[in-house]
Amino acid sequence: MTEERSFLEAARREKLEQLVGLGVAPFAYRYDRTHTAQQALDLFREGEEPAVSIAGRLVALRGHGKTTFAHVADQSGRIQVYAKLDEVGAGSYDMIKLLDLGDLVGVEGRVFKTKTGEVTVRARTVTLLAKALRPPPIGKEDAEGEQHGGLKDPELRYRQRYADLAVHPEVRKVFELRARVVSFIRRFLDDRGYLEVETPVLQPLYGGAMARPFTTHHNALDRQLYLRIATELYLKRCIVGGMERVYEIGKDFRNEGMDRQHNPEFTMLESYEAYSDYTDIMRLVEDMITGLVQSLFGAHTIERFGHSFEFRAPWPRKAYLELIREHAGLDLGTATDGDLRAFLKPRSHRPAGSADPALDPVNWPRTKLMDEVFKVAVEPRLEQPTFVVDYPIEISPLAKPKRGDPTLTERFELFVNGHELANAFSELNDPDDQRRRFEAQLKAREAGDDEAQQLDEDYIRALEYGMPPTGGLGLGVDRLVMLLAGEASIRDVILFPMLRPE
RNA sequence: GCGCCGAUAGCUCAAUUGGCAGAGCAAGUGACUCUUAAUCACUAGGUUGCAGGUUCGAUUCCUGCUCGGCGCACCA
């Protein structure tokens with residue numbers, strides 16, 4: 001490493017030594033900042049020169065011999081700094097000449113306006129707070145505000161998110177939005193009497209969703225454990241125990257492919273409310289998301305991805321089977337499996353004689369065919385917020401049968417912009433029925449569906465103690481943030497997304 | 001997992017049919033006490049992702065690998 005260090009870093013280390021030679025401590029302990037950059041800008045009044053101390057990273061540096069102009073950026077924004085030999089003193093100016101782009105500095109002085117009209121801090125003292133030994137991948141902004149250079153390589157942006165954030169304030173905005181979303185959800189549920197709880201990430205059995213898990217091993221117990229794929233079954237155990245409204249916002253882990261909508265670990269909100277059903281949960285979701293959009297943007301309509309999304313409630317509720325009839329022209333009451341395959345054939349891009357028989361629609365059970373028809377024909381059409389309700393019972397093993405039609409369940413999924421955002425149901429609380437549903441899942445597993453759920457005896461035991469009727473919700477937080485931030489890739493709403501090792 | 005595309009200086013990008021690897025910014029030295037993509041002069045900066053192959057000669061053509069992007073599959 002030492003001999004491989006680039007000449008750019010060598011130059012910075014050389015300056016570091018010169019600074020030490022000048023008696024400057026290159027890595028300070030603290031700084032008394034009185035104003036952020038934005039506060040300092042706002043402070044300016046014509047004819048006044050208020051004193052401020054600001055601190056931040058040097059993002060532009062223009063030396064002119066015995067004067068130096070710079071821009072210092074902090075979390076609030078950036079402000080110009082003007083340092084003049086006569087005003088900071090010769091010793092201090094020697095230090096200023098050794099500063100580099102990327103260094104962290106504190107500046108104390110008075111706010112004034114230059115003759116070209118930019119509000120600026122006229123430095124009285126400049127303090128080095130931390131020397132940057134590596135050059136920041138900083139771009140330049142021209143008079144029209146257009147960026148030149150900068151960090152564009154997406155791999156570097158995700159791998160070195162610290163550099164991405166340091167150089168691109170707009171990236172930080174996405175994560176500020178994310179934080180406001182999560183904080184709003186907490187407040188919303190807390191205000192409705194929900195209790196936030198934490199359930200196990202390491203689980204002896206995984207359940208609550210259809211997915212392949214990560215496995216791990218506990219040494220002292222010498223047993224295999226799974227990273228959770230959902231919090232569902234534990235949260236409902238809480239409901240059994242009399243915690244009538246609970247939620248958890250946490251990471252789930254699914255051992256599946258990665259693409260711009262999937263990261264192996266992702267953030268899920270799950271909430272459960274005793275004595276309510278899925279219609280209550282629909283209203284809860286409407287209230288939560290319309291409230292969120294209103295609180296974030298002060299409006300019910302937002303423009304994203306070239307479309308306008310209208311969040312004003314109530315949102316349309318459309319039955320799963322109706323939508324398939326409407327968009328695919330298939331009546332699932334009378335259509336045969338062959339009809340479904342015939343519909344899928346021209347629309348599905350699956351390789352015909354694929355090596356993996358599980359990928360060949362010819363071998364799919366009817367439920368999977370239906371699901372595929374829905375995915376291909378219906379999902380892309382669900383642009384505006386829409387509740388899809390009453391899913392077939394075979395693909396909903398944790399939901400109560402629908403009143404009046406036991407082939408369906410009281411379940412809904414919320415779709416926006418063609419993507420599923422939430423999944424919810426009237427929770428199945430009949431332990432004997434739950435056992436039968438698990439057993440059906442076991443059969444599906446034996447038939448080769450490795451995402452089918454496991455039979456959780458302890459969960460059934462919990463239901464046998466009696467679970468009140470309960471409405472439950474799962475909501476993908478990353479997906480919600482993607483929609484609200486207008487980001488097409490999940491990697492742009494996760495600070496440190498999963499990447500292959502360098 | 002499959003397909004397509006990509007990887008060149010710290011960053012952003014060039015390089016003609018295969019013929020000495022370049023620019024802007026960043027960096028170094030000098031000049032400059034209201035500049036703002038500061039300016040001017042000079043200087044330095046490269047194992048062209050890795051490993052092979054073809055060729056007198058490879059950034060360029062071929063094969064394999066690594067990493068990434070996009071699409072498909074899986075899924076939320």
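Order of the sequence lines fixes the chain letters, A, B, ..., with proteins taken first and strands second; residue numbering starts at 1 for each chain.
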Distance, C1' atom - from B:U66 to B:C74, rounded to whole angstrom: 24 Å
Looking only at side-chain atoms of A:Met210, point me to the closest of B:C34, B:U33, B:A76. B:A76
Could you check which of B:G10, B:C11, B:A73 has an atom nearest any side-chain atom of A:Asp259? B:A73
Just checking A:Tyr93: base, sugar-phosphate only, or nothing, at a heavy-atom cut-off of under 4.0 Å? nothing
I want to verify a distance call: between B:C34, B:C67, B:U12, whose nearest atom is closest to the A:Thr114 side chain? B:C34
When you measure from every atom of RNA chain B, which of residues 56-70 of chain A have a heavy atom less than 4.0 Å away? A:Arg62, A:Gly63, A:His64, A:Gly65, A:Lys66, A:Thr67, A:Phe69
What nucleic acid atoms does A:Asn263 come within less than 4.0 Å of, heavy atoms only: base, sugar-phosphate, or nothing? base
Identify whether any heavy atom of A:Arg260 sits under 4.0 Å from a base atom; if not, whether one sits that close to sugar-phosphate; answer base, sugar-phosphate or nothing. sugar-phosphate
Between B:U12, B:C70, B:G10, which nucleotide gets closest to the side-chain atoms of A:Lys152? B:U12
Has the side chain of A:Glu118 got a donor or acceptor that lies under 3.5 Å from a partner of the other kind on the base of B:U35? no
Which nucleotide in B:C34, B:G68, B:C74 has an atom nearest any side-chain atom of A:Lys115: B:C34
Atom P, compared across B:G52 and B:G57: separation rounded to whole Å: 16 Å
Is A:Arg500 close enough to B:G68 that one of its side-chain N or O atoms is under 4.0 Å from OP1 or OP2 there? yes
Which part of the nucleic acid, if any, lies within reach of A:Arg157 when heavy atoms closer than 4.0 Å are counted: base, sugar-phosphate only, or nothing? nothing
Whole-Å C1' distance, B:U12 and B:U17: 28 Å
Is the shortest side-chain heavy-atom distance between A:Val81 and A:Ile54 below 4.5 Å? yes
With rounding to the closest Å, how many angstrom separate the C1' atoms on B:G46 and B:A31? 31 Å
Nearest-nucleotide pick for A:Arg254, side chain only, options being B:A76, B:C11, B:G68: B:A76
A side-chain contact here means heavy atoms from C-beta on lying under 4.5 Å apart; do A:Leu101 and A:Arg12 qualify? yes
Of the candidates B:U33, B:C11, B:G28, the side chain of A:Ala11 sits closest to B:G28
Say whether, by atom type as modelled, one donor and one acceptor occur between the side chain of A:Ser76 and the main chain of A:Asp74 under 3.5 angstrom. no
For A:Leu421, which contact category applies under a 4.0 Å heavy-atom criterion: base, sugar-phosphate, or nothing? nothing
Is the phosphate of B:G10, meaning OP1 or OP2, less than 4.0 Å from a side-chain N or O of A:Arg134? no
With a non-hydrogen cut-off below 4.0 angstrom, is A:Glu14 in contact with a base, only sugar-phosphate, or nothing? nothing
I'd like to check A:Asp94 versus A:Gln18 (side-chain heavy atoms, cut-off strictly below 4.5 Å). Are they in contact? no
Nearest to side-chain heavy atoms of A:Lys84, which nucleotide of B:G68, B:U33, B:G28: B:U33
Can you classify the ring geometry of A:Phe387 versus A:Trp315 as parallel (below 30°), tilted (30 to 60°) or perpendicular (above 60°)? tilted
Any idea how A:Phe69 and A:His64 line up, ring-wise: parallel (<30°), tilted (30 to 60°), or perpendicular (>60°)? perpendicular
Counting the atoms with a prime plus P, OP1 and OP2 as sugar-phosphate, which does A:His419 contact under 4.0 Å by heavy atoms, base, sugar-phosphate, or nothing? nothing
Scan residues 373-398 of chain A for pairs that pass salt bridge (charged side-chain N to carboxylate O under 4.0 Å, His left out), counting only residues two or more places apart or in two chains. A:Asp390-A:Lys402
Just to confirm, is there a sub-4.0 Å distance from OP1 or OP2 of B:C34 to any side-chain nitrogen or oxygen of A:Arg122? no
With a cut-off of 3.5 Å and sequence neighbours excluded, list every side-chain donor-acceptor pair involving residues 474-485 of chain A.
{"unit_1": "A:Asp478", "atom_1": "OD1", "unit_2": "A:Arg178", "atom_2": "NH1", "d": "3.0"}
{"unit_1": "A:Asp478", "atom_1": "OD1", "unit_2": "A:Arg178", "atom_2": "NH2", "d": "3.1"}
{"unit_1": "A:Asp478", "atom_1": "OD2", "unit_2": "A:Thr267", "atom_2": "N", "d": "2.7"}
{"unit_1": "A:Arg479", "atom_1": "NE", "unit_2": "A:Gln261", "atom_2": "O", "d": "3.3"}
{"unit_1": "A:Arg479", "atom_1": "NH2", "unit_2": "A:Gln261", "atom_2": "O", "d": "3.0"}
{"unit_1": "A:Arg479", "atom_1": "NH2", "unit_2": "A:His262", "atom_2": "NE2", "d": "3.4"}

What distance, rounded to whole Å, do you find between the two P atoms, one in B:C40 and one in B:U47? 30 Å
Do A:Tyr459 and A:Lys236 have side-chain N/O donor and acceptor atoms under 3.5 Å apart? yes
Roughly how far apart, to the nearest Å, are B:G30 and B:C70 at atom C1'? 49 Å
Nucleotide nearest A:Lys15 when distance is taken to its side chain, options B:A27, B:G68, B:U35: B:A27
So, do A:Leu227 and A:Leu202 sit near enough that their side-chain heavy atoms are less than 4.5 Å apart? yes
Just say parallel, tilted or perpendicular for the rings of A:Phe311 and A:Phe309, cut-offs at 30° and 60°. tilted
Indicate every side-chain donor-acceptor pair of residues 46-53 of chain A with a distance under 3.5 Å to a residue at least two apart or in another chain.
none

Taking the C1' atom of each, how far is B:A14 from B:U33, in whole Å? 39 Å
Whether A:Arg161 engages the ring of A:Phe496 as a cation-pi pair (distance to the six-membered ring centre under 6.0 angstrom, angle to the ring normal within 45°) should be assessed. no
For RNA chain B, what string of dots and brackets results from 5' to 3' when Watson-Crick and G-U pairs need both distances under 3.5 Å, crossing pairs get [ ], and pairs with another strand get |? (((((((..((((.....[..)))).(((((.......))))).....(((((..]....))))))))))))....
Sub-3.5 Å pairs of nitrogen or oxygen atoms, protein against nucleotides 42-47 of chain B:
none

Using a 4.0 Å heavy-atom cut-off across all strands, classify A:Gly257 as base, sugar-phosphate, or nothing. base
Taking the same atom, P, in B:C11 and in B:A26, what whole-Å distance lies between them? 15 Å
Does a donor on one side chain sit under 3.5 Å from an acceptor on the other, for A:Asn263 and A:Arg491? no
